[in-house]
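In what follows, chains carry the letters A, B, and so on, assigned in the order in which the sequence lines appear, proteins first and then strands, with residues in each chain numbered from 1. These numbers come from the heavy atoms of this one structure, side chains and all, not from hydrogens, waters or symmetry mates.
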Number of protein chains: 2
Amino acid sequence: MQQSYSKKMPPRRSGPGGAKGWWRGRFKGCGYRFTVPRQVILDTLNRTSKHLSAEDIYLAVHRTCPNIGLTTVYRTLELLVQIGLVFKFDFGDGRARYELSRETHPREHCYLVCISCGRAINADDFREKETERVKQIEETIAKRYNFRVRNQITQFYGLCGKCSKGKVI
Amino acid sequence: MQQSYSKKMPPRRSGPGGAKGWWRGRFKGCGYRFTVPRQVILDTLNRTSKHLSAEDIYLAVHRTCPNIGLTTVYRTLELLVQIGLVFKFDFGDGRARYELSRETHPREHCYLVCISCGRAINADDFREKETERVKQIEETIAKRYNFRVRNQITQFYGLCGKCSKGKVI
DNA sequence: TGCTTAGTGAAAATGGTTTTCATTATTAAT
DNA sequence: ATTAATAATGAAAACCATTTTCACTAAGCA
């Protein structure tokens, strides 16, 4: 039972408990409990800017809390994505990646994915200056498709330097 | 052993065998055999503009050639992606989708993916007028990252009309 | 403090994809 | 054409990220 939540969000890092306080409020506001596993998983995501897989998170979490199982990691991540606190990505390598949604960070992501070796190269810097344009696009989409954009990813598929060596096409 | 292939491509639908002739040449040029399963799978992809999953293709192919197995479908698709004849997509629903690469069709794809119900809405029309801009971006990427772009997909993650009902956030 | 119920963890199940391996079909050489 | 070499195939098994099941635990309200 997800409840509606006030549009006026409190600033993320102020108030009792800092980020944790904000998260807690967000959980409660949606009718969920703010449990230890959920705190620890959010903390882990908060400590890095990388895109972690569920197993990455499980292993990191496992060091401090060995009793937290992989199942809970998956379940929590699913919930966090639903709530909108975490973004889920798929680079086509058979495992999903997760990243904490930070308002101070760009919500536009850009990757170069090599179709030969599967390597994914981050090219976010590419989009930074396009924020305005992207905002416009999102507004248009909201109107035309009645769709609320939360996150955006652009992937360029092709051949990386190594893999394109010697190939003309 | 992938061989280099002349940059001057013959027109896709002319010459002996039409598209098939072109495909055949492409296979041979790369050192691969143009077998019946590969023909049939390419034909199937050629007959639709939808994004088919491996199973979709298997079922379609199975009607005419019941002896073609799912394994071959997967193997052929992987090869086709490597050769650059087919694009592979991932909407995060646990199964990959494939689409024939047609030069007459745009290589820019745009989707709205609902993080609540998982529905993927095609919004390609959105990009059609941006072809020039996208070309520039691809050129810059090629230079800066030494990366040859073959295909591009932009996904907007968010809430579709149905799923955002009653939610303020 | 106790009660209700959401949340958790271990193990099993699921399901798309990949690997294995014996067989078949294609190509190049004869 | 026939044959030899090897690439391609199909069925079954393996793989592996993710999900489900179910008995148990802990958060939050009365």
Side-chain angles (χ1 to χ4, degrees), chain A residues 1-3 17 20 23-42 51-59 61-62 64-83 86 88-98 115 117-118, chain B residues 1-3 20 23-42 51-59 61-62 64-83 86 88-98 115 118:
Chain A
M1 288 315 110
Q2 226 157 294
Q3 306 239 319
K20 261 180 208 168
W23 293 335
R24 184 187 183 86
R26 181 71 182 258
F27 271 84
K28 308 299 280 294
C30 292
Y32 298 115
R33 294 175 183 174
F34 192 56
T35 64
V36 173
R38 287 171 183 178
Q39 283 179 55
V40 176
I41 289 167
L42 264 172
H51 296 75
L52 303 177
S53 68
E55 200 187 352
D56 291 338
I57 295 167
Y58 169 71
L59 290 173
V61 157
H62 203 74
T64 33
C65 303
N67 51 324
I68 295 177
L70 184 56
T71 311
T72 299
V73 173
Y74 274 108
R75 269 190 295 229
T76 302
L77 286 171
E78 194 192 347
L79 179 64
L80 291 171
V81 170
Q82 287 282 331
I83 291 181
V86 162
K88 182 180 183 180
F89 296 104
D90 209 316
F91 296 147
D93 65 341
R95 66 183 58 193
R97 312 274 168 170
Y98 300 87
I115 58 174
C117 66
Chain B
M1 292 316 109
Q2 226 156 294
Q3 306 239 322
K20 262 179 206 167
W23 295 333
R24 183 185 183 87
R26 181 70 183 255
F27 270 83
K28 306 299 280 290
C30 293
Y32 298 116
R33 295 176 181 172
F34 192 57
T35 63
V36 172
R38 289 173 181 175
Q39 284 180 54
V40 177
I41 289 167
L42 265 171
H51 295 75
L52 303 177
S53 68
E55 200 187 352
D56 291 338
I57 295 167
Y58 170 70
L59 291 173
V61 157
H62 203 74
T64 34
C65 304
N67 51 323
I68 294 178
L70 185 56
T71 312
T72 298
V73 173
Y74 274 107
R75 269 191 296 232
T76 302
L77 287 171
E78 193 192 347
L79 178 66
L80 291 170
V81 170
Q82 287 282 332
I83 291 183
V86 161
K88 182 180 182 180
F89 296 103
D90 209 317
F91 296 146
D93 66 340
R95 66 182 59 193
R97 312 273 168 172
Y98 300 86
I115 58 174

Worksheet item: Among D:dG28, D:dG10, D:dT9, which is the nearest nucleotide to the side chain of B:Thr76?
Response: D:dT9

Worksheet item: Rounding to a whole Å, what distance do you find between A:Leu59:CG and D:dA17:P?
Response: 11 Å

Which side-chain N or O atoms in residues 65-75 of chain B pair as donor and acceptor under 3.5 Å with protein atoms at least two apart or in another chain?
none

Worksheet item: Is A:Arg38 near enough to D:dA27 that one of its side-chain N or O atoms lies under 4.0 angstrom from OP1 or OP2?
Response: no

Practice prompt. Rounded to the nearest angstrom, tell me the gap between atom CG in A:Asp93 and atom P in D:dA17.
Written response: 10 Å

Discussion item. Please report the distance, rounded to the nearest Å, between CD in B:Glu55 and P in C:dT17.
Written reply: 9 Å

Worksheet item: How close do B:Ile83 and B:Arg26 get, heavy atom to heavy atom, and via which atoms?
Response: O-NH2, 2.5 Å

Item to complete: Return the value, rounded to whole Å, for the distance between atom CZ of B:Arg95 and atom P of C:dT14.
Response: 16 Å

Worksheet item: How long is the span from the OG atom in B:Ser53 to the CG atom in B:Leu59, to the nearest 0.5 Å?
Response: 8.0 Å

Worksheet entry | Atom-to-atom span, CG of A:Leu79 to P of D:dA27 - whole angstrom | 16 Å

Worksheet item: Nearest heavy-atom pair of A:Arg33 and A:Arg38: which atoms, and what distance?
Response: O-NH1, 2.8 Å

Discussion item. Quick check: on DNA chain C, is the nucleotide nearest B:Arg97 upstream (toward 5') of the one nearest B:Phe34, or the reverse? Name the residue that is more 5'.
Written reply: B:Arg97

Fill in: Presence of B:Tyr74 side-chain N/O under 4.0 Å of C:dT18 phosphate oxygens OP1/OP2
no

Fill in: End axis versus end axis in the helix from C:dT1-D:dA30 to C:dT30-D:dA1, the angle rounded to 10°, five pairs used at each terminus
30°

Discussion item. Counting C-beta onward and ignoring hydrogens, is there a side-chain heavy-atom pair between A:Leu80 and A:Trp23 closer than 4.5 Å?
Written reply: no

Discussion item. I want to check something: taking the side chain as every heavy atom from C-beta on, are A:Tyr98 and A:Asp56 in contact at a cut-off of under 4.5 Å?
Written reply: no

Worksheet item: Between C:dT8 and A:Thr35, is there an OP1 or OP2 to side-chain N/O distance shorter than 4.0 Å?
Response: yes

Worksheet entry | Selected nucleotide, minimal atom distance to B:Asn67 side chain, candidates D:dG10, C:dG16, D:dT9 | D:dG10

Worksheet item: Aromatic rings B:Tyr58 and B:His62: how do their planes relate, parallel, tilted or perpendicular, breaks at 30° and 60°?
Response: tilted

Restricting both atoms to N or O, compile the protein contacts to nucleotides 19-24 of chain C shorter than 3.5 Å, with distance only.
none

Worksheet item: Which word best sums up how the rings of B:Phe27 and B:Tyr32 line up, parallel for under 30°, tilted for 30 to 60°, or perpendicular for over 60°?
Response: perpendicular

Worksheet item: Should B:Arg33 be listed as having a side-chain N or O under 4.0 Å from OP1 or OP2 of D:dA8?
Response: no

Worksheet item: Starting at CG of B:Leu77 and ending at P of D:dG10, how long is that distance when rounded to a whole Å?
Response: 13 Å

Item to complete: Keeping the roles fixed (side chain from A:Arg97, backbone from A:Phe91), state whether a donor-acceptor pair exists under 3.5 Å.
Response: no

Worksheet item: Between atom CG in A:Asp90 and atom P in D:dA17, what is the gap in whole Å?
Response: 13 Å

Item to complete: Round to a whole Å and report the spacing from CG of B:Leu70 to P of D:dG10.
Response: 11 Å

Worksheet entry | Spacing of B:Ile41 atom CD1 and B:Leu52 atom CG [to the nearest 0.5 Å] | 11.5 Å

